[in-house]
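Numbered from 1 within each chain, the chains take letters A, B, ... in sequence-line order.
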2 protein chains.
Amino acid sequence: MRYRDENKVLAIREAAIDMVASDGLENFGINRLAKAAGVSPATIYIYYKDKEDLLTSISIEEGVKMTRATLKGFDPNMSFKEGLWVQWQNRAAFSLDNHKSAEFFEQLRNSTYKDKMLETINDEFRKNMGNFVENAIERGEIERMPLEVYWSVAFAPLYSLIRFHNEGKSLGGRKFKFSEKIMKETFDCVLKGLTK
Amino acid sequence: MRYRDENKVLAIREAAIDMVASDGLENFGINRLAKAAGVSPATIYIYYKDKEDLLTSISIEEGVKMTRATLKGFDPNMSFKEGLWVQWQNRAAFSLDNHKSAEFFEQLRNSTYKDKMLETINDEFRKNMGNFVENAIERGEIERMPLEVYWSVAFAPLYSLIRFHNEGKSLGGRKFKFSEKIMKETFDCVLKGLTK
DNA sequence: AAGATAACTGAGCATTTGCTCATTTAAAAA
DNA sequence: TTTTTAAATGAGCAAATGCTCAGTTATCTT
């Protein structure tokens, strides 16, 4: 029998990410994807059940990739300051190196597909984050607070900065450029707010 | 001559917001909108040039509404703490009372339409925010920092919390419920990080 | 070499899409 | 009342959409 051409799978996935990232989820279509990936529309349906399956599958893959990258070198027993800083650096590096992936992910996160993609990724998050935060609380480094509050204070500012960087222009027409220095300053700000 | 039926304009706008909020921008279509608004497709084109014009126009209107609501009772000469708190309360109240609008806005903000809608709203933002932040810096209440960093630390956590609240489930399957108490705690956290 | 299997294809189907136009309706002006 | 103006309409067009199927191709086993 004939074997799957792995290049085709990769081409489909890469083209999908590119299309959503640059044209937006609302302009994403299977026929156009097939053309962009250099593949027949029918081929896509060998790998994915339908359009929704394609988008959710890819978003989960990318989400897992991103989560893995964010947790590289991270250990839930690290001090709060060190652990959070590792995650900030990893996440920023990943988003800048793979900004198409990051943009794709962000688009899906704000769409009707979010439920299916987030239930997988939140599990991954919860496992690693839960212990880390619990340790930090027990050590008296931070106050006890709902996980959602923690996430909102600890990570939302970073993701916002990354978005400002990736969008061409930002507040007031100027161009905003991310840098190690700015990230560190913002981190200090957030850390100060969180720690006792 | 015949006058415009203002109910039709309102019905179109409300139906558009509802549709995008509940079915997602990627499932928004003119024919379906016409049916939902109880109006002929052709009527929509009396009020809007095309689909893009409709979405950007409505998003700008809603954005202005939201900005106005957020700044109710706000004065750039307030103390930093008081001024920011007023904005947090206003914004949270608006988003919870008008969560369809908020959802609609959030969808457009993460789409290819973002450029056109944000250039108007960022102007409004910049005018009011610039002075306020500058005053706070001169009074020595906060450090000098890029506006993007300020925005990311001061507001991104709040918007994140609102999203957690509006999504059915959040981190780890549990349900997260926003409350005055949680908002105040999060605010204190953010304020502590920002102020000297 | 022949047969078996499954990846792969392009043409194209049914439906939906964004949008238009000939016509009708309502209300002001004559 | 008649004329004039523009709002409002529903049928429907060209194009695009998600998806399928009969047929072809590559690679395995025999």
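- B:Tyr3 comes within 4.0 angstrom of sugar-phosphate atoms only, judged by non-hydrogen atoms across all strands, and of no base.
- One can place CD1 of B:Ile46 at 8 Å from P of D:dT9, the figure rounded to the nearest angstrom.
- Between B:Lys49 and C:dC19, a side-chain N or O to OP1/OP2 separation shorter than 4.0 Å is absent.
- B:Leu158 has its side chain out of reach of B:Phe187: every pair of non-hydrogen atoms, C-beta onward, lies at least 4.5 Å apart.
- Ionic pairing of B:Glu62 and B:Lys65 is present here: one or more N-O contacts between side-chain nitrogen and carboxylate oxygen are shorter than 4.0 angstrom.
- D:dC19 atom P lies 10 Å from atom CG of A:Leu55, rounded to whole Å.
- Residue B:Glu6 contributes atom CD, which lies 12 Å from atom C1' of D:dA7 at whole-angstrom precision.
- Considering only side-chain N and O atoms, B:Tyr47 lies under 4.0 angstrom from the phosphate OP1 or OP2 of D:dA8.
- Side-chain nitrogen and oxygen atoms of A:Thr43 include at least one within less than 4.0 Å of the OP1 or OP2 phosphate oxygen of C:dT9.
- Checked by atom type, the side-chain pair A:Glu26/B:Thr112 shows a donor-acceptor distance below 3.5 Å.
- Rounding to whole angstrom units, CG of residue B:Asp5 and P of D:dT5 are separated by 22 Å.
- Closest-nucleotide positions on DNA chain D for B:Ala42 and A:Pro41 were compared, and the one nearer the 5' end corresponds to B:Ala42.
- Looking at B:Phe176 and B:Leu161, their side chains come closer than 4.5 Å, going by heavy atoms from C-beta outward.
- A salt bridge is defined here as a Lys NZ or Arg NE, NH1 or NH2 lying under 4.0 Å from an Asp or Glu carboxylate O, and A:Glu180 with A:Lys184 fails to meet this definition.
- With hydrogens and angles ignored, a donor-acceptor pair under 3.5 angstrom links the side chain of A:Arg2 to the base of D:dT25.
- Nucleotide D:dT17 holds its C1' atom 15 Å from the CG atom of A:Leu54, rounded to whole Å.
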Would you please test A:Lys116 and A:Glu52 for side-chain contact (heavy atoms from CB on, under 4.5 Å) and show each step? CA-CA 10 Å; A:Lys116 271 150 207 156; A:Glu52 172 169 334; 2.5 Å; yes
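- One interatomic measurement links the two molecules: CD1 of A:Ile12 to P of D:dG18, which rounds to 15 Å at whole-angstrom precision.
- A:Glu134 has its side chain within reach of A:Arg144: a pair of non-hydrogen atoms, C-beta onward, lies under 4.5 Å apart.
- One atom, CD of B:Glu26, and another, P of D:dG18, lie 11 Å apart when rounded to the nearest Å.
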Using the 3.5 Å cut-off, write out each protein N or O paired with an N or O of nucleotides 14-17 of chain C and the distance between them.
| residue | atom | partner | partner atom | Å |
| --- | --- | --- | --- | --- |
| C:dT17 | OP1 | B:Arg32 | NH2 | 2.1 |

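- One atom, OH of A:Tyr45, and another, C1' of C:dC13, lie 13 Å apart when rounded to the nearest Å.
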